[in-house]
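To start, the structure itself, in structure tokens.
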Amino acid sequence: AYGRIRIWKDKLGRQFYDCICNARKPVQDLNKIKSHVLGHDKIVWVCDICGREFFNNHLQLNAHMKTHKKREIKANEQPIIR
């Protein structure tokens, strides 16, 4: 994954890092670009209901699914008649 990182220096001799995907601006913090590059290899979890994608972990998808459950309950509730 780290093979995607390009390292270069500007005219002032400052070292910068960027990704071969060109999706983000060059940065001086190597950890930021490492984090970005590792994102290329991550598994994507997709919500079956709305298609929203989650990249960090499946727990985010699980929490997201609860929002659909809440909406479903509200949609099926019967109005209270007084």
Inset, instruction - List for me each residue that meets salt bridge (charged side-chain N to carboxylate O under 4.0 Å, His left out) alongside R4, sequence neighbours excluded, and say none if there are none. - result: none
Inset, instruction - Using salt bridge (charged side-chain N to carboxylate O under 4.0 Å, His left out) as the criterion, list what pairs up with D10, not counting sequence neighbours. - result: R14
Nearest 0.5 Å, what's the [atom1]-[atom2] distance between [X] and [Y]?
X	Y	atom1	atom2	value
H64	L61	NE2	CG	7.0 Å
R52	C47	CZ	SG	9.0 Å
D18	K25	CG	NZ	13.0 Å
C21	H36	SG	NE2	3.5 Å

Spell out, yes or no, whether [X] and [Y] are grouped together once hydrophobic residues are joined by side-chain heavy atoms under 4.5 Å, including indirect joins.
X	Y	answer
Y17	I20	no
L30	V37	yes
I49	F54	yes

Legend entry - Sidechain-backbone polar pair: S35 side chain, K32 backbone, donor-acceptor under 3.5 Å: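 Pair absent, no side-chain N/O of S35 close to backbone of K32.
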Inset, instruction - Applying side-chain contact (heavy atoms from CB on, under 4.5 Å), run through C50 and H68 and close with a yes or a no. - result: CA-CA 9 Å; C50 69; H68 289 299; 3.6 Å; yes
Inset, instruction - Start with the C-alpha distance between W45 and E53, add both sets of side-chain angles, then the distance that settles side-chain contact (heavy atoms from CB on, under 4.5 Å), and finish with yes or no. - result: CA-CA 6 Å; W45 287 273; E53 297 177 340; over 6 Å; no
Inset, instruction - Could you give me the CA-CA distance, side-chain angles and deciding distance for I33 and C19, then say whether side-chain contact (heavy atoms from CB on, under 4.5 Å) is met? - result: CA-CA 7 Å; I33 203 68; C19 179; 4.2 Å; yes
Legend entry - Distance-minimising heavy-atom pair for Q28 and Q15: CG-O, 3.4 Å
Inset, instruction - Please go through F16's hydrophobic cluster and name the other residues, only I, L, V, M, F, W, Y counting, with side-chain heavy atoms under 4.5 Å joining them. - result: W8
Legend entry - Residues, nucleotides or ligands: over 12 heavy atoms within 6.0 Å of N22 CG: yes
